[in-house]
Amino acid sequence: MSTNISSGEQILPLRDGRTLAYAECGNLSSKTVVLHFHGLFTIGGVLVQTSPVLLSKNVHVISPTLPGWGNTSPPPPSTPYHDCMTSDMTTLLSHLYPDSNDRGIKLYITGSSFGTVPAQILYGAPYDKFPFGRCISGVLLMGALTPFRYDKDYAKQMTWRRYFLAGPISYYMPFNLVSHLAKFVLARKMATIESAGAMWREDLLNRMDQAEREVLTRWCEEHGTVPEDVVQGICETAMKSVSKSWEGFTLTPPLLHSDWGFRPDALDEEHSRPHILITAGKVDHLTPVTYARYLAANYKNVRIKDFDGGHFGILYHMDEVWTEFLADEQ
């Protein structure tokens, strides 16, 4: 068994003149592939490379940076996001597996937080647009978002800030004005590592109750780090994610309300074949557990795994989640 390990960023030129950044780890020659999509304010490769479970499963982990973040170009102006994703991922997988046809690999699609949107886009995509969709064996959605176009109750559990940034106000405001105003505010807060650190501490650490703080402290001790270093790493990655463009961020609210290329409750039998595991934090204020329940009611072959804690809580359960999700892999 080849166990080449690589997590450095690579750049793939695309035919339309754009670039796609991605990172890899695990067994790079394995035909069992985990394609993982990151959340907001991060880049490919940050989350998945921290789990020893993945490296023990003899899988090839591919983590692209999403359009408009880091070193990946935004979608072309005239191309819907879902068409951009299916095209880019078909190109990436064809590049890494040039001798493979659309059934030559075993594919697991995974995403965390915002990354569950592109994960669902690929899961539901027509096979003529994403031929590798026929290879999908499983889908893992960690802190999942729903397609707001069809989930009529999506805003009921939103905090006021989320309601303003991604809810009905954002949707009905012309010219995507809310996103551009938010970008102006956030860019000032993320102007330096110190100011960014203050913002992320407020969003992550200060929202935790005492029980979750204790869990985080124990997790850090087990992994040879401290909470402040975790926040520091998040800050540095966040600044990298917007170092070239803020288009990934400003595209987000319109995308959440847009057509993803399919209806969750209208997928055919073949699309519904892969198993889906959805994880949800019981007190997650960003992707509430009601989103997981909506998806479970509209997709088939779904299991929900909830856990104590908020949006950040998945970090403490990553190895457990990967073990359950990849139970069929030796």
Side-chain angles (χ1 to χ4, degrees), residues 7-11 19-23 37-50 63-74 112-115 143 159-166 169-170 173 175-209 212-213 216-217 219-221 223-256 284-287 309-316:
S7 57
E9 184 177 69
Q10 302 184 60
I11 303 295
T19 58
L20 172 62
Y22 67 97
F37 296 108
H38 61 80
L40 299 180
F41 292 106
T42 185
I43 56 176
V46 172
L47 177 64
V48 294
Q49 67 189 20
T50 62
S63 185
T65 296
L66 291 169
W69 297 96
N71 288 317
T72 294
S73 305
S112 46
S113 192
F114 174 74
T159 63
W160 277 110
R161 185 171 70 167
R162 292 280 293 171
Y163 193 91
F164 179 76
L165 290 175
I169 294 175
S170 154
M173 189 76 72
F175 309 116
N176 199 18
L177 183 61
V178 171
S179 296
H180 290 287
L181 289 173
K183 167 195 164 184
F184 175 77
V185 173
L186 289 172
R188 295 187 66 182
K189 289 187 175 182
M190 294 174 60
T192 66
I193 194 69
E194 292 78 16
S195 59
M199 182 184 74
W200 289 108
R201 281 186 209 93
E202 175 64 27
D203 273 2
L204 297 176
L205 298 183
N206 295 352
R207 290 180 181 270
M208 294 180 182
D209 59 23
E212 187 171 0
R213 283 175 175 270
L216 174 60
T217 299
W219 182 90
C220 288
E221 290 172 352
H223 290 78
T225 185
V226 295
E228 278 299 319
D229 288 346
V230 173
V231 173
Q232 179 77 8
I234 290 172
C235 293
E236 292 173 356
T237 302
M239 295 182 75
K240 287 179 184 178
S241 74
V242 294
S243 60
K244 289 192 172 181
S245 168
W246 278 79
E247 287 196 56
F249 174 77
T250 56
L251 285 170
T252 299
L255 171 60
L256 295 178
D284 188 344
H285 66 284
L286 296 178
T287 54
H311 197 65
F312 199 56
I314 185 62
L315 178 68
Y316 324 133

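As a basis for the values below, the full set of heavy atoms in this structure was taken, side chains included, without hydrogen atoms, waters or symmetry mates.
Listed here is the closest heavy atom pair of D284 and H311: OD2-ND1, 2.8 Å. Shown here for N71 and A21, the closest heavy-atom pair between the two residues is CB-CB, 3.9 Å. Considering all non-hydrogen atoms of both residues, P64 and F37 come closest at CG-CE2, 3.6 Å. The heavy-atom pair separating A191 from S195 by the smallest distance is N-OG, 3.7 Å. Between M239 and M190, the shortest heavy-atom contact is CE-O, 3.4 Å. Nearest heavy-atom pair across E9 and T65 is OE2-OG1, 4.1 Å.
Here OG of S113 is found 6.5 Å from CG of L286. Values are rounded to the nearest 0.5 Å. How far CG of L256 is from CZ of F114: 6.5 Å, rounded to the nearest 0.5 Å.
By the side-chain contact (heavy atoms from CB on, under 4.5 Å) test, S243 pairs with no residue at all, sequence neighbours left out. S241 pairs by the side-chain hydrogen bond (donor to acceptor under 3.5 Å, both in side chains) definition with nothing, not counting sequence neighbours. W246 pairs by the ring pair (Phe, Tyr, Trp, His ring centres under 6.0 Å) definition with F41, F249, not counting sequence neighbours. With sequence neighbours left out, Y163 forms a side-chain contact (heavy atoms from CB on, under 4.5 Å) with A155, M158, W160, P168, I169. Partners of N176 according to the side-chain contact (heavy atoms from CB on, under 4.5 Å) rule, which considers only residues two or more places apart in sequence or in another chain, are S179, H180, T250, P254. Under the side-chain contact (heavy atoms from CB on, under 4.5 Å) criterion, L177 pairs with M173, L181, sequence neighbours left out. Residues meeting the salt bridge (charged side-chain N to carboxylate O under 4.0 Å, His left out) test with R161, sequence neighbours left out: D203. Taking the side-chain hydrogen bond (donor to acceptor under 3.5 Å, both in side chains) definition, one finds that T252 meets it with nothing, sequence neighbours left out. The side-chain hydrogen bond (donor to acceptor under 3.5 Å, both in side chains) check on T217 picks up nothing, with sequence neighbours excluded.
Without hydrogens or angle criteria, S170 side chain to L165 main chain gives a donor-acceptor distance under 3.5 Å.
For residues 233-248, there are no salt bridge (Lys or Arg N to Asp or Glu O under 4.0 Å) pairs, not counting sequence neighbours. Applying the salt bridge (Lys or Arg N to Asp or Glu O under 4.0 Å) definition to pairs two or more places apart or across chains, those involving residues 192-202 are R201-E228.
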